[in-house]
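Below is one structure, written out as structure tokens; comments come after it.
Residues: numbered from 1 along the sequence shown.
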Amino acid sequence: MASITIRDVRKTYAGGFEAIKGISLDIADGEMVVLVGPSGCGKSTLLRMIAGLEAISSGEIAIDGRVVNALEPSERDIAMVFQNYALYPHMTVRQNMAYGLKNRGMAAAEIERRIAAAAASLEIGSLLERKPRQLSGGQRQRVAMGRAIVREPKAFLFDEPLSNLDAKLRVQMRVEIRKLQSKLATTSVYVTHDQMEAMTLADRLVVLNGGQIEQVGTPIELYERPATTFVAAFIGSPAMNLVSADALGTDAPGLSLPIGVATIGIRPEDLKIGHTREGSTFSLAVDIDAIELVGAESYIHATTAGGVEIVFRVAGRSTMSIGSRVMLQAEPDAIHCFDSAGRRVATPAGIFGSTRLIDPQIG
């Protein structure tokens, strides 16, 4: 096990494109850190730089206190799990898991001990004599993880390992990965574009955007206090509703936002249906456009008079009809405020306290 330290790391390609723009990050011994962000944000590039598969333009990466900038991947004592499994098709599962250990000159008895232990943890003991073509996608991924585990590395690096699996198997495998990482307590860096995967796996999340870190924190910290509108929109499904001050001026003419607040954000689950009360907070009249029934809850897509699209959540199956109008409310502590640069600002006390907005068509 080992800590990973990243100091002002940059990656510039030929032609001047800067993929990584001065990232610094400390990953603690035994921690599971997930790098998340949209395609092209730099997360896989950063992972490959940690692994030694991508050269660093400037900066420093240290594993277990040792600077590894000039070391080959094989010298960094890390194990990487790829999305395409990277198994040798002509070898059995046992041979795939043993291959790297044999190359290191490890004794046969120790190799068998490690394979048996990893196979038991991953429940693939019955697959050891099969070849990759005889395995399902989920089984192949378990084998790829087993091959990494037997090395007993200082750190695991995961590059979107579940992206080739179907939705049901992805859920199952991410639970297995989390359980396994907790059991092994090995420092892990996991890359994904799936924010749900990121939320359920991470001890800490690192949200990347355009080669830079937008925010670092626990999943609940990023969900409850996003530092920017980018994080607010990226973390959470459905995304946070972000409404500009200009749009609010049209939809809520009685509402006065303090100077410096350009955008407010509200999570779908924080919008409630009901008439506005004296001293209540934020209220909007919306027309229902579409209803998504997802089992235990429904997501309602609606539009304000000013054309702002809003999503809110209701429990169970919705009885509302498309085209109907409802009033939505949100409490003060559910309001997120952002400035013109998209950065979080403190929500002023009483920001909505004196406002009373009742749509005349509702009463």
Measure up the Phe158 and Phe156 rings against each other and bin them: parallel (under 30°), tilted (30 to 60°), perpendicular (over 60°). tilted
Answer yes if the side chains of [X] and [Y] hold a donor-acceptor pair under 3.5 Å, and no otherwise.
X      : Y      : answer
Ser3   : Asp29  : no
Glu54  : Thr45  : no
Asp289 : Thr303 : yes
Thr192 : Glu160 : no

Less than 6.0 angstrom from the centroid, inside 45 degrees of the normal: does Lys102 satisfy that with respect to the ring of Tyr99? no
Tyr223 six-ring centre to Arg267 NZ/CZ under 6.0 Å and within 45° of normal: yes
Any side-chain heavy atom of [X] within less than 4.5 Å of one from [Y]?
X      : Y      : value
Ile63  : Asp77  : no
Ile4   : Leu25  : no
Glu176 : Arg142 : yes
Ile273 : Met327 : no
Leu162 : Arg174 : yes
Arg170 : Asp194 : yes
Pro89  : Lys131 : no
Thr187 : Lys154 : no

Side chain to side chain contact (heavy atoms under 4.5 Å, CB included) between Gln215 and Glu221, intermediate numbers included: CA-CA 10 Å; Gln215 189 173 359; Glu221 285 172 349; 5.6 Å; no
I'd like to know whether Val294 forms a side chain to side chain contact (heavy atoms under 4.5 Å, CB included) with Tyr299, so could you lay out the CA-CA distance, the side-chain angles of the two residues, the decisive distance to 0.1 Å, and finally the verdict. CA-CA 8 Å; Val294 290; Tyr299 289 103; 3.8 Å; yes
Ion pair check, Arg313 and Glu297, cut-off under 4.0 Å: yes
Residues Glu112 and Arg94 bridged, charged N to O under 4.0 Å: yes
Just do the side chain to side chain contact (heavy atoms under 4.5 Å, CB included) check on Phe312 and Asp270 with the steps written out, would you? CA-CA 8 Å; Phe312 62 99; Asp270 290 326; over 6 Å; no
Would Gln181 and Arg178 satisfy side-chain hydrogen bond (donor to acceptor under 3.5 Å, both in side chains), going step by step from the backbone distance to the final call? CA-CA 5 Å; Gln181 198 277 335; Arg178 192 63 180 110; 3.0 Å; yes
Which pairs with one or both residues in residues 12-24 pass salt bridge (charged side-chain N to carboxylate O under 4.0 Å, His left out), sequence neighbours excluded? Arg10-Glu18
Closest approach of Thr186 and Ala155, non-hydrogen atoms and distance? CG2-CA, 4.0 Å
With a sphere of 6.0 Å drawn around NZ of Lys272, does it hold more than 12 non-hydrogen atoms of other residues, nucleotides or ligands? yes
Please say whether more than 12 non-hydrogen atoms of neighbouring residues, nucleotides or ligands are located less than 6.0 Å from CD in Gln134. yes
Assess the residue pair Leu180 and Leu122 against the criterion (side chain to side chain contact (heavy atoms under 4.5 Å, CB included)); give the C-alpha distance rounded to whole Å, side-chain angles, the decisive distance to 0.1 Å, and a yes or no. CA-CA 8 Å; Leu180 187 64; Leu122 294 165; 3.7 Å; yes
